[in-house]
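Working notes, structure below.
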There are 4 protein chains.
Amino acid sequence: MTSQKSSSARLQTAPPPTAKEPKRKRGIARVAKLLDAGAAVFAEQGYKAATMTEIAARAGAPIGSLYQFFPNKDVLADALIARYAEHVEAALDRIRAEARELDGTQLGDRLLDVLVTHATERSLALSLLDARWEQPGVRPGILRENLRRRIAEILSIWRPDLAEDQAQAMAVVLFQAMKSLVQLHEEKRYPGKAEAIAQWRGWVQRYLGEI
Amino acid sequence: MTSQKSSSARLQTAPPPTAKEPKRKRGIARVAKLLDAGAAVFAEQGYKAATMTEIAARAGAPIGSLYQFFPNKDVLADALIARYAEHVEAALDRIRAEARELDGTQLGDRLLDVLVTHATERSLALSLLDARWEQPGVRPGILRENLRRRIAEILSIWRPDLAEDQAQAMAVVLFQAMKSLVQLHEEKRYPGKAEAIAQWRGWVQRYLGEI
Amino acid sequence: MTSQKSSSARLQTAPPPTAKEPKRKRGIARVAKLLDAGAAVFAEQGYKAATMTEIAARAGAPIGSLYQFFPNKDVLADALIARYAEHVEAALDRIRAEARELDGTQLGDRLLDVLVTHATERSLALSLLDARWEQPGVRPGILRENLRRRIAEILSIWRPDLAEDQAQAMAVVLFQAMKSLVQLHEEKRYPGKAEAIAQWRGWVQRYLGEI
Amino acid sequence: MTSQKSSSARLQTAPPPTAKEPKRKRGIARVAKLLDAGAAVFAEQGYKAATMTEIAARAGAPIGSLYQFFPNKDVLADALIARYAEHVEAALDRIRAEARELDGTQLGDRLLDVLVTHATERSLALSLLDARWEQPGVRPGILRENLRRRIAEILSIWRPDLAEDQAQAMAVVLFQAMKSLVQLHEEKRYPGKAEAIAQWRGWVQRYLGEI
DNA sequence: AATGAATGAGCATTCATTCAT
DNA sequence: TATGAATGAATGCTCATTCAT
């Protein structure tokens, strides 16, 4: 009575659903549109409030198409995280490659830019990196962990004499500062915004300069 | 968000629904319990995922009773914000009263503590102060604005020579730092947590010390 | 991300959903109507094809009401089985009480009547007792097992010298004969129906008479 | 069940969709595989729960290919019935050819074997011959009618002095007994299974022996 | 006034069927 | 002709809110 799918489903655990790679040109464009729409809606409304119907509508796609590629809401969210993670990790890798040649001010700037550029994804970042969402073993937590580790690595390359746990703690601080800057950017308009953002940057630069 | 379909709505503007003030002792206690339950559930699940039924259940109250005092979910959320605002504003007022006698380190500590103490409400704070909740004219934005203004006032009292827009920008930075510390606290457990929190505090103290 | 309900749900396994007992008069009547509608629709269309919407509509109830009492389709089906089981088991108990005084013809007739009377539930029986539906540990299988055991008991009381496994095998045969008679009754109209039903009865009577 | 909304349907009656006869060797093999897969899936899950996608997948064929030969689910089901009917009718024809030389025991055995052999199709038979499915003018009813008529013919040949309506009623009884034996076989495992099956056979043999 | 059953719009998801490639 | 992506109506189920008791 309980779900009972294909007979095999009773024996082997069904494979965890994953995003399907589009094969034809049309599909690739559509998946991109769906991801964009998903990013926008998740960012605006949060995971729970975002509706698959609205995401599909905003992508100009029928609901069935959305489900063709992303068999459920979780998978879509994961795909979004993965896409975002790629950007961010690539950016961090680039910084790492040149870390040795940067001074504190430069490194601070470069790190802060990682999350702040890509205006499109900035507000998604807020959702994705949010510590709430948490469910053990699920993506956002892994992403945060991952990013913090990469930042710590950059710090260790940058100042090889830094103790490992020092680098770790600093990475946490820096990562928080990076997210905070996004928050400062994203809030709609408030007195002192521009100046505050400038101060925040300066603050981070000094934090690294003092090492 | 407010759906409001009472037939009269077409003719006269219906009065905006508001939380009902409890009159008797019994009511006061019940409202407190409902608010506590609401805070807990909103904090755990977020606004959308929180259900009125669970909130009532967790308060040990019948659902009808919940609606007696809070005619809809929005009103409950607003009431939660208001209650939280009271705490926080009171705390800021206390700091303001003694601002003149504090040095940078002390002021930093005191400000940071404002959001971090009250462990119960800490994760609610994250929800409430989140820039994403935004809905034009709705509470969280007003609260943020309000708190930033008060912080600016404290700064002006503390360093009377500070230009007004300087104080304003610093207030934005400090408020962001305060929220960030809550985030650092609230995320479940991650390497470097304790040390990072300590560094964050030190960072804020220095920020104020440098003035 | 996966469902995440009340925080407790993460720790304790959520209690398996069960039918809610109606408390007020209105509810009792409504539940009865819902069960009748469910019986009709399940009987006509089978478990999978039956839709909750149609069941609610046929009971003249809004869908929400259906779910108020039967939190999901499985629970409704289980309740139906339970209701049916009660009738049938009671009928078998009555036969058992007088088994000793019956001759083979009488016992055969009485057993055959158990499933055939209650015209309303006759076609539900076909669904419920159907060996397909099967899913280990789920109701219909348990019901069949149960009924066969009771029939075997009746046989043992009726002819105390019967070996236990003899009684068991005979119970299987008789139970199958009982279900078959329902099938003979339920098929809409076909040549020879009345006479065939009579022969089937006679056949069963002789089967018991020969013991 | 047939939804049929081609625009032409409003003007000319659309020709009822039918299974397409495969022309080439490749097609014949593929159709056979599709039918096998269909039989398996329908048998396991029932008509409604079986999905065209799974049937195609299990046949290793693309879904488009399935629809090439069977323009909708009903047509596939009908084709399955037709294929099954052929087997069974052929088997009955063989019995008819030698009916005159059989005694009751032998005839009973031969008839019972008709549905019980072909283990693969046994559980499909349960689905196909099931009196629910009924939809006016649809295949399973016709098949049942057909089989009963053939059984009646066999009886008339076997005992030429049997009145026609006597043969008819007996055919109904025998056909029911044949289906019941399949049910006894198909139910997974239960105490007394083997012995009950033996008794059922004996019972049918005696039924015919008494004529 | 207090309660909790009743309501139904809305949500995630499935799947028969079509049709562009 | 053969394929499998695309489509959207239909399904099971939830939950804010109302209202009879």
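Quick caveat, the model's predicted, so the values are computed rather than measured. All chains are named by letter (A, B, ...) in the order of the sequence lines, taking the proteins before the strands, and each is independently numbered beginning at 1.
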Does D:R30 have a side-chain nitrogen or oxygen under 4.0 Å from the phosphate oxygens OP1 or OP2 of F:dT1?
no
Side chains of [X] and [Y], heavy atoms from C-beta outward: is any pair under 4.5 Å?
| X | Y | value |
| --- | --- | --- |
| B:V31 | B:F70 | yes |
| A:F69 | A:L76 | no |
| C:F42 | C:K73 | yes |
| A:L80 | A:L35 | yes |

Would you indicate which nucleotide in [options] comes nearest to any side-chain atom of [X]?
| X | options | value |
| --- | --- | --- |
| C:T53 | E:dG8, F:dG12, E:dA16 | F:dG12 |
| C:I63 | E:dT3, F:dA16, F:dT14 | F:dT14 |
| C:T51 | F:dG12, E:dA9, F:dC15 | F:dG12 |
| D:Q68 | F:dT3, E:dG8, E:dT3 | F:dT3 |
| C:F69 | E:dG4, E:dA6, F:dT17 | E:dA6 |
| B:Y67 | E:dA12, F:dA16, F:dT7 | F:dA16 |

Nucleotide pairing, DNA chain F (Watson-Crick or G-U, distances under 3.5 Å), in dot-bracket with [ ] and |:
.||||||||||||||||||||
Contact nearer the 5' end of DNA chain F, comparing A:A61 with C:P71
A:A61
Which comes earlier along DNA chain F counting from the 5' end, the contact point of D:P62 or that of D:K48, where each point is its nearest nucleotide?
D:P62
Could you tell me how far apart [X] ([atom1]) and [N] ([atom2]) are, to the nearest whole angstrom?
| X | N | atom1 | atom2 | result |
| --- | --- | --- | --- | --- |
| D:I55 | E:dC15 | CD1 | P | 12 Å |
| C:L66 | F:dT11 | CG | P | 14 Å |
| C:D74 | F:dC13 | CG | P | 8 Å |
| A:F70 | E:dA12 | CZ | C1' | 16 Å |
| A:Y47 | E:dA12 | OH | P | 9 Å |
| B:L76 | F:dC15 | CG | P | 16 Å |
| B:M52 | F:dA16 | CE | C1' | 7 Å |
| A:N72 | F:dG12 | CG | P | 19 Å |

For A:S65, report the nucleic acid contact type (base, sugar-phosphate, nothing); a contact means any heavy atom under 4.0 Å.
base
At 4.0 Å (heavy atoms only), tell me whether D:A50 reaches a base, stays on the sugar-phosphate, or touches nothing.
sugar-phosphate
Kindly determine whether C:R30 and C:Q68 satisfy side-chain contact (heavy atoms from CB on, under 4.5 Å), including the steps that lead there.
CA-CA 11 Å; C:R30 173 149 283 179; C:Q68 190 83 41; over 6 Å; no
So CD1 of A:I63 and OG1 of A:T51: to nearest 0.5 Å the spacing works out to 7.5 Å
Distance from C:M52 atom CE to C:I55 atom CD1, nearest 0.5 Å?
6.0 Å
Candidate pair D:D74 and D:Y47, rule side-chain contact (heavy atoms from CB on, under 4.5 Å), full reasoning:
CA-CA 9 Å; D:D74 272 19; D:Y47 178 79; 2.3 Å; yes
